[in-house]
Asks: 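Pasting a structure here, questions to come.
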2 protein chains.
Amino acid sequence: MALKDERKIKKTESCPFQEAMDLISGKWTMSIINVLMGGKMRFKELERSVVGINTRMLVKELKQLEHKKIIDRTAFATMPPTVEYALTEKGERLKPVLTEIQVWAIKNMS
Amino acid sequence: MALKDERKIKKTESCPFQEAMDLISGKWTMSIINVLMGGKMRFKELERSVVGINTRMLVKELKQLEHKKIIDRTAFATMPPTVEYALTEKGERLKPVLTEIQVWAIKNMS
DNA sequence: CAGCATCCGTTAGGATACTG
DNA sequence: CAGTATCCTAACGGATGCTG
């Protein structure tokens with residue numbers, strides 16, 4: 001049986017800015033990208049690194065990010081299975097965005 | 001009767017980064033901030049400038065942004081009423097974030 | 001390990017009529 | 001003009017059990 005929980009993975013978008021915002025929005029998205037900035041990671045490592053996320057959410061986010069070419073998924077046919085997630089070039093280029101958000105956050109929150 | 005649609009205006013947050021993301025997330029948030037970068041605006045002007053938004057969403061977002069000190073609301077007791085929205089200093093400082101997102105969007109979307 | 005499936009409650013978001 | 005109120009659907013998010 002196919003994946004049941006799979007929705008359209010997004011809707012009608014307009015300008016590039018909106019599309020980008022659409023990508024960036026999402027409770028866990030940027031956190032995941034953030035930890036992946038440190039290098040490739042396995043599923044379980046991610047689950048531990050992104051504090052508070054649960055399996056379903058992580059799977060969902062990873063799928064969306066993969067679909068949008070922000071991350072690459074590499075599976076190894078070992079037993080038990082090994083899967084590595086890493087940022088693509090496109091994903092790496094989000095670095096400045098991340099940086100600016102963090103700079104702003106540190107200076108302006110709390 | 002008090003406002004019915006008013007929810008908690010957000011939940012438990014953790015680190016400054018998450019708080020910032022929490023703020024930035026939201027379909028219309030950055031678009032609104034973006035048009036306000038061009039200078040103060042009235043409610044109706046905003047409604048026209050932020051293409052696709054509807055009254056309820058605009059009111060909601062503006063309320064949140066005001067609450068988070070990103071924008072200032074100034075009302076004039078004229079008839080018909082006049083209300084102006086403008087970015088605060090804190091809001092203005094989001095400029096670099098906006099810029100980086102736009103740069104990324106243009107280079108990496110579609 | 002790396003996931004998928006299922007149940008389920010909470011928010012986000014949208015359309016639109018109405019008011020001071 | 002600047003919102004409010006009401007009704008609704010869709011998407012988000014969480015907990016947890018199961019499987020190749």
Asks: Taking only the side-chain nitrogens and oxygens of Lys63(B), find out if one of them lies under 4.0 Å from OP1 or OP2 of dT4(D).
Replies: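 Answer yes for this pair, as a side-chain N or O of Lys63(B) is under 4.0 Å from OP1 or OP2.
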
Asks: Between Pro80(A) and Asn54(A), which has a closest nucleotide on DNA chain D that is more 5'?
Replies: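 With Pro80(A) and Asn54(A) compared, the 5'-side residue is Asn54(A).
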
Asks: Round to a whole Å and report the spacing from CZ of Arg48(B) to P of dG3(D).
Replies: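 From Arg48(B) CZ to dG3(D) P: 14 Å.
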
Asks: Round to a whole Å and report the spacing from NZ of Lys60(B) to P of dA15(C).
Replies: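 From Lys60(B) NZ to dA15(C) P: 14 Å.
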
Asks: Quick one: Met57(A) CE to dT11(C) C1', roughly how many Å, whole number?
Replies: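 Rounded to the whole Å, the gap is 13 Å.
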
Asks: How is Val83(B) classified with respect to the nucleic acid when contacts are heavy atoms under 4.0 Å: base, sugar-phosphate, or nothing?
Replies: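 Touches sugar-phosphate only.
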
Asks: Decide, yes or no, whether a salt bridge links Glu45(A) with Arg48(A) under the criterion of side-chain N to carboxylate O below 4.0 Å.
Replies: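 Looking at Arg48(A) together with Glu45(A), the answer is no, because their closest N to O distance does not fall below 4.0 Å.
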
Asks: Distance alone, cut at 3.5 Å: any donor-acceptor contact between the side chains of Thr74(B) and Glu84(B)?
Replies: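 On atom types as modelled, these side chains do not qualify, holding no pair under 3.5 Å.
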
Asks: Just the rounded figure in Å: distance from P of dT16(D) to CD1 of Ile53(A).
Replies: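 To the nearest whole Å, that distance equals 17 Å.
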
Asks: Just by modelled atom types, is the Lys69(A) backbone N or O under 3.5 Å from a matching donor or acceptor in the Thr88(A) side chain?
Replies: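 Yes, Thr88(A) side chain to Lys69(A) backbone: donor-acceptor pair under 3.5 Å.
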
Asks: For dA2(D) and Arg73(B) - does any side-chain N or O of the residue sit under 4.0 Å from the phosphate oxygens OP1/OP2?
Replies: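 It does not, given that no N or O in the side chain of Arg73(B) lies less than 4.0 Å from OP1 or OP2 of dA2(D).
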
Asks: If you round to the nearest 0.5 Å, how far is CG of Leu98(A) from CD1 of Ile24(A)?
Replies: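 Those atoms lie 9.0 Å apart.
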
Asks: Output the rounded distance in Å from CG (Leu62(A)) to P (dG13(D)).
Replies: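 My rounded result for the distance is 14 Å.
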
Asks: Could you work out which one of dG14(D), dC1(C), dG14(C) sits closest to the side chain of Lys27(A)?
Replies: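 Of the options given, the side chain of Lys27(A) lies nearest dG14(D).
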
Asks: Met21(B) has an atom CE; how far is it from atom C1' of dC12(D), in whole Å?
Replies: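 Rounded to whole Å, this separation is 15 Å.
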
Asks: Would you say Arg42(B) reaches dG3(D)'s phosphate, i.e. side-chain N/O to OP1/OP2 under 4.0 Å?
Replies: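 Checking Arg42(B) against dG3(D): no side-chain N or O falls below 4.0 Å of OP1 or OP2.
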
Asks: Between Tyr85(B) and dG3(D), is there a contact of a side-chain N or O with OP1 or OP2 at under 4.0 Å?
Replies: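 The answer is yes; a side-chain N or O of Tyr85(B) sits under 4.0 Å from OP1 or OP2.
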
Asks: Using a 4.0 Å heavy-atom cut-off across all strands, classify Thr55(A) as base, sugar-phosphate, or nothing.
Replies: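 Base contact - Thr55(A) has a heavy atom under 4.0 Å of at least one base atom.
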
Asks: Between dG14(C) atom C1' and Leu58(B) atom CG, what is the distance in whole Å?
Replies: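 Rounded to the whole Å, the gap is 14 Å.
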
Asks: Between dT4(D), dA2(D), dA15(C), which nucleotide has the shortest distance from any of its atoms to the side chain of Pro81(B)?
Replies: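 Among dT4(D), dA2(D), dA15(C), the one nearest the side chain of Pro81(B) is dA2(D).
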
Asks: Between Glu45(B) and Glu61(A), which residue's closest nucleotide on DNA chain D lies nearer the 5′ terminus?
Replies: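 Its nucleotide being nearer the 5' end, the pick is Glu45(B).
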
Asks: Going through the distances and angles, do Leu62(A) and Leu46(A) end up as a side-chain contact (heavy atoms from CB on, under 4.5 Å)?
Replies: CA-CA 10 Å; Leu62(A) 289 174; Leu46(A) 278 170; 3.9 Å; yes

Asks: Counting side-chain heavy atoms from CB outward, which of dC1(C), dG3(C), dA15(C) is closest to Arg56(B)?
Replies: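 Of dC1(C), dG3(C), dA15(C), dA15(C) is nearest to the side chain of Arg56(B).
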
Asks: Could you tell me the separation between the NZ atom of Lys44(B) and the P atom of dG3(D), rounded to a whole number of Å?
Replies: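 Atom NZ in Lys44(B) sits about 11 Å away from atom P in dG3(D).
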
Asks: Using a heavy-atom cut-off of under 4.0 Å over every strand shown, decide if Phe76(B) touches base, sugar-phosphate, or nothing.
Replies: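 Here Phe76(B) touches no strand at all.
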
